[in-house]
Amino acid sequence: MVNPTQEQAEAIDAYGDGLDLVLQAGAGCGKSSTLKMIARSDSRRRMTYVAYNSAIAADARRSFPGTVLCKTGHGLAFDPRYGRRLQRPRQTAHQAAQALDVRSILGIIGATPTIPTDLGHPKAMTSKIIMRMALDTIERYCHSADDEITARHIPHYDGLTKKNARAELERLVLPVAHAAWGDLQQDESVLNLSHDHYLKMWALSRPIIPTDVVLLDEAQDTNDVLSAVLLAQEHAQRIAVGDSAQQIYSWRGANDALAKFVNELGCAELTLSQSFRFGPVIAARANLWLGLIDAPLRLTGWEAAESTVGPLDAPDAILCRTNAGAMGIVMEGLAAGRKVSLVGGGGDIKRLAWAAEALQGGQPTDHPELCGFASWDDVRQYAAEEDGSLEVLVKLIDEHGPARIVAAADGLCSEQQAELVVSTAHRSKGREWPAVRIHADFRAPKPDQKTGLVILPREEARLAYVAVTRAREQLDDTALAWVYDVTAVSA
């Protein structure tokens, strides 16, 4: 058994005191090995390790002692009676709208209703689009700790942000969301059940987990629904481990359970700051971002690791801010005759391309990034006026066309065969490569017109921190040189 570092020894001792605990563990700082040390230090108590995803849970089952039950939150919530519904064929939003009879729920007779977009053009709200938005609303509700579905669960849609548009969304979407959730709670639902649906039903039942100790991993990206369940396990000792600086999924309902544990349980907070992934030079780059967001820890690089920072001609992986940016790199690589892999596959890119193609052909789309627009020209205009990722998408679609983008996505190979791996920074989380380049679609924030301050959203800073800490040996973060110009970080 490897001897623990001083920080790890302090964590094991804190566990031994029997108190709830939060461990802030920086990138590559041995959080998983620390949890295993804690588990091995006490064979008398039943422990439940709650993993971020099924792959991590499967790995944990192979390496944790037999006294530890290793599950995801969904694994804890699963009931075999859900199996049949989960195995149904895929149900499109159009099929779901027909099965639930959206027009009947809303009392629509005759013409399709419309709502005003931010650009003033009428947007047709077909039953398919209303159903898609209702399902998105249910998904956000399922990620929350709330007991009821309300207007605040309706997602933000680009192009439909003004007061009148939001009011119309509430009028059309909320009744359908309520009807859909009522159906999903029935054993013979007409709508397809998802894993998030049964997790929410389990949480609403106020479950008691039969365990002495709960070990929550990747706690910074835990949805409120699971956090609330674990916080309610007052009979158990609770230990949450993660890195608040790596909280990058708030846009899909994740929240920082580490902060919740500290605030609601009043527990001690210890740190693991010795990284075993990279050397001091890359650690110093990571600390730039940690300092910017005023994180509770700074990383110490591993002296035995030879790490460098500077331009790279042939990185093992290129990390992008957006799906569109990633696809641009994929197309460049394929055009140069290279074997390219995209982490997560090309499905997201293809769905975006098909949505753009629909708008170009005068058809509506239910894609969440583009459903707020009445035409492709509206997307172009919005992208030109707003400072956001749509500008990258518009450039990609206009330069290459949807058909070429879909063909490129179909030309991807596996990571094992690839000469180059491309990933969004979000999908890179939990991964590492020897040599990493950060792509230029991590765009510098613009100075505030009134104050002149260069303000960076906090989650963007956290995403950059995740990206630079994926490199073990070589890092090219030239695209992030603007970090030195940032004067403030927003909430």
Side-chain angles (χ1 to χ4, degrees), residues 5-35 37-39 41 45 47-52 73 76 143-146 203 209 211-251 253-275 286-287 289-300 429 458-459 461-463 465-466 469 489-491:
T5 65
Q6 182 177 341
E7 290 177 324
Q8 289 173 325
E10 289 174 358
I12 297 167
D13 289 343
Y15 160 77
D17 290 337
L19 300 176
D20 296 323
L21 176 67
V22 159
L23 271 178
Q24 288 279 359
C29 290
K31 64 180 176 59
S32 296
S33 60
T34 304
L35 288 177
M37 289 175 184
I38 287 173
S41 74
R45 304 175 78 200
M47 299 189 185
T48 300
Y49 169 80
V50 184
Y52 180 69
L76 291 173
H143 291 162
S144 76
D146 301 331
I209 301 170
T211 192
D212 300 314
V213 183
V214 173
L215 306 172
L216 173 61
D217 201 359
E218 297 289 352
Q220 77 283 347
D221 280 323
T222 303
N223 290 333
D224 283 347
V225 61
L226 182 57
S227 292
V229 170
L230 300 183
L231 286 166
Q233 305 304 308
E234 295 183 359
H235 65 285
Q237 182 180 358
R238 289 152 292 187
I239 300 176
V241 184
D243 183 357
S244 292
Q246 292 190 56
Q247 186 203 345
I248 58 173
Y249 286 111
S250 61
W251 53 276
N255 218 329
D256 187 2
L258 296 162
K260 286 181 177 294
F261 271 55
V262 171
N263 294 335
E264 297 187 27
L265 301 180
C267 55
E269 189 171 16
L270 301 180
T271 59
L272 299 176
S273 60
Q274 172 63 65
S275 182
N287 287 338
W289 297 98
L290 291 173
L292 197 63
I293 61 176
D294 197 25
L297 79 164
R298 300 291 182 272
L299 301 185
T300 300
K429 190 166 175 293
R458 186 171 297 274
E459 188 152 335
R462 292 195 292 249
L463 190 62
Y465 164 69
V466 168
T469 53
V489 174
S490 65

If you measure from [atom1] on [X] to [atom2] on [Y], what distance do you get to the nearest 0.5 Å?
X: Gln220; Y: Gln24; atom1: CD; atom2: CD; value: 8.5 Å
X: Tyr15; Y: Ile38; atom1: OH; atom2: CD1; value: 8.0 Å
X: Cys267; Y: Lys260; atom1: SG; atom2: NZ; value: 13.0 Å
X: Thr271; Y: Arg298; atom1: OG1; atom2: CZ; value: 11.0 Å
X: Leu21; Y: Leu270; atom1: CG; atom2: CG; value: 5.0 Å
X: Cys29; Y: Leu299; atom1: SG; atom2: CG; value: 5.0 Å

Check whether [X] reaches the backbone of [Y] with its side chain - one donor and one acceptor, N or O, closer than 3.5 Å.
X: Glu218; Y: Ala51; answer: no
X: His143; Y: Leu226; answer: no
X: Arg458; Y: Ile293; answer: yes
X: Arg238; Y: Asp20; answer: no
X: Thr222; Y: Ala219; answer: yes

* Could you check Gln247 against Asp221 for side-chain contact (heavy atoms from CB on, under 4.5 Å), going step by step and ending with a plain yes or no? => CA-CA 6 Å; Gln247 186 203 345; Asp221 280 323; 3.7 Å; yes
Heavy-atom check, side chain of [X] versus side chain of [Y], under 4.5 Å:
X: Val214; Y: Gln237; result: no
X: Phe261; Y: Leu216; result: yes
X: Leu272; Y: Thr34; result: yes

* Asked: Does the side-chain contact (heavy atoms from CB on, under 4.5 Å) test come out yes or no for Lys429 and Ile248, once each step is laid out?
  -> CA-CA 9 Å; Lys429 190 166 175 293; Ile248 58 173; 3.6 Å; yes
* For Val241 and Leu35, run side-chain contact (heavy atoms from CB on, under 4.5 Å): C-alpha distance rounded to whole Å, both residues' side-chain angles, the deciding distance at 0.1 Å, then the answer. => CA-CA 8 Å; Val241 184; Leu35 288 177; 3.4 Å; yes
Of all the heavy-atom pairs spanning [X] and [Y], show the shortest one and how long it is.
X: Ile209; Y: Gln233; result: N-OE1, 2.8 Å
X: Val225; Y: Ser144; result: CB-O, 3.2 Å
X: Ala203; Y: Val229; result: CB-CG2, 3.7 Å
X: Ala286; Y: Thr469; result: CB-CG2, 3.6 Å
X: Leu258; Y: Gly242; result: CD1-C, 3.7 Å
X: Leu297; Y: Gly26; result: CD1-N, 3.5 Å

Does the side chain of [X] come under 3.5 Å of the side chain of [Y] through a donor N or O and an acceptor N or O?
X: Gln6; Y: Gln8; result: no
X: Tyr465; Y: Asp243; result: yes
X: Glu7; Y: Gln274; result: no
X: Asp217; Y: Tyr49; result: yes
X: Ser244; Y: Asp256; result: yes

